[in-house]
Amino acid sequence: MNTFDSTFAHTVYFWFNNPDNEADRDLFEASLKKFLDNSKFAKTNFIGTPPKATREVVDGSFTYSLIVTFESAEAQEGYQKEQAHLTFIDECKHLWKKVIVYDSLGL
């Protein structure tokens, strides 16, 4: 994995229709990893699941989180249009009921 790039962070949260379905989770993880391995734009990535948090300020309602860093906002725009990303969406969009994206520019 490349060094974390603090220029641009793309954070995505996914809520699944059937979060306990192992086949759905396996498909999502395989498709997501294939996509990230083939992305020409993503510098670093982190795929996560919610921990068992005990603090009220922690939202653990999502099924998966994804954090991807880019060297520029333009690189993130390229990522959105690249075939690997479009294939991932096509393969997995039926799995989720909600997706929220937070994009951030580094200070």
Side-chain angles (χ1 to χ4, degrees):
M1 181 177 287
N2 296 327
T3 303
F4 182 87
D5 193 316
S6 60
T7 304
F8 193 102
H10 176 69
T11 306
V12 186
Y13 292 91
F14 299 89
W15 284 262
F16 274 26
N17 293 311
N18 300 299
D20 297 324
N21 184 302
E22 289 301 319
D24 288 357
R25 294 174 81 92
D26 290 346
L27 170 62
F28 178 82
E29 289 178 24
S31 182
L32 182 59
K33 289 175 183 176
K34 178 179 69 175
F35 154 46
L36 293 169
D37 286 345
N38 289 293
S39 175
K40 298 173 188 165
F41 299 97
K43 277 194 91 175
T44 63
N45 66 76
F46 169 85
I47 303 167
T49 58
K52 299 293 182 210
T54 57
R55 299 175 307 154
E56 290 184 24
V57 297
V58 177
D59 178 359
S61 65
F62 61 93
T63 310
Y64 284 95
S65 65
L66 170 65
I67 303 170
V68 183
T69 65
F70 301 93
E71 61 189 25
S72 67
E74 293 78 20
Q76 193 274 339
E77 288 177 26
Y79 160 97
Q80 291 298 326
K81 299 171 189 170
E82 70 180 327
Q83 189 57 52
H85 185 240
L86 299 175
T87 298
F88 162 71
I89 292 170
D90 190 50
E91 289 177 351
C92 295
K93 65 185 175 188
H94 69 282
L95 301 176
W96 55 71
K97 62 182 174 186
K98 177 180 171 182
V99 176
I100 293 182
V101 176
Y102 297 97
D103 287 339
S104 303
L105 294 171
L107 296 179

side-chain hydrogen bond (donor to acceptor under 3.5 Å, both in side chains) partners of [X], counting only residues at least two apart:
X	result
Asp103	His10
Gln83	Thr87
Asp59	Ser61
Ser6	none

Residue pair Phe35, Glu82: steps toward the side chain to side chain contact (heavy atoms under 4.5 Å, CB included) verdict: CA-CA 10 Å; Phe35 154 46; Glu82 70 180 327; 4.0 Å; yes
Closest contact, heavy atoms only, Ile47 versus Lys33: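 Closest pair (atom of Ile47, atom of Lys33, distance): CD1-CG, 4.0 Å.
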Minimal non-hydrogen separation, Ser39 against Ala42, with atom names: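 For Ser39 and Ala42, the tightest heavy-atom pair comes out as OG-N, 3.1 Å.
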Would you tabulate the side-chain donor-acceptor contacts of residues 88-102 under 3.5 Å, counting partners in other chains and residues two or more places apart, or write 'none'?
from  : atom 1 : to    : atom 2 : distance (Å)
Glu91 : OE1    : Ser31 : OG     : 2.5
Glu91 : OE2    : Lys34 : NZ     : 3.0
His94 : ND1    : Glu91 : O      : 3.4

Residue pairs fulfilling salt bridge (Lys or Arg N to Asp or Glu O under 4.0 Å) with at least one residue in residues 60-80, sequence neighbours excluded: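 Residue pairs with at least one partner in residues 60-80: there are none.
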[X] with [Y], same ILVMFWY side-chain cluster at under 4.5 Å:
X	Y	value
Leu36	Phe28	yes
Tyr79	Ile67	no
Tyr64	Trp15	no

Side chain Gln76, main chain Phe8, donor-acceptor under 3.5 Å: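 Looks like no, no N/O pair under 3.5 Å.
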Partners passing side-chain contact (heavy atoms from CB on, under 4.5 Å) against Ser65 (at least two apart in sequence or in another chain):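 Ser65 satisfies side-chain contact (heavy atoms from CB on, under 4.5 Å) with Tyr13, Phe46, Phe62 once adjacent residues are dropped.
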Set of side-chain contact (heavy atoms from CB on, under 4.5 Å) partners for Thr63, sequence neighbours left out: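 In terms of side-chain contact (heavy atoms from CB on, under 4.5 Å), with neighbours along the sequence ignored, Thr63 is linked to Phe16, Pro19, Arg25.
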Distance (rounded to the nearest 0.5 Å) between Leu32 CG and His85 NE2: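 If we round to the nearest 0.5 Å, Leu32:CG and His85:NE2 are 9.0 Å apart.
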Hydrophobic cluster of Val58, others only, ordered by chain and residue number, side-chain cut-off 4.5 Å: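 Result for Val58 is Val57.
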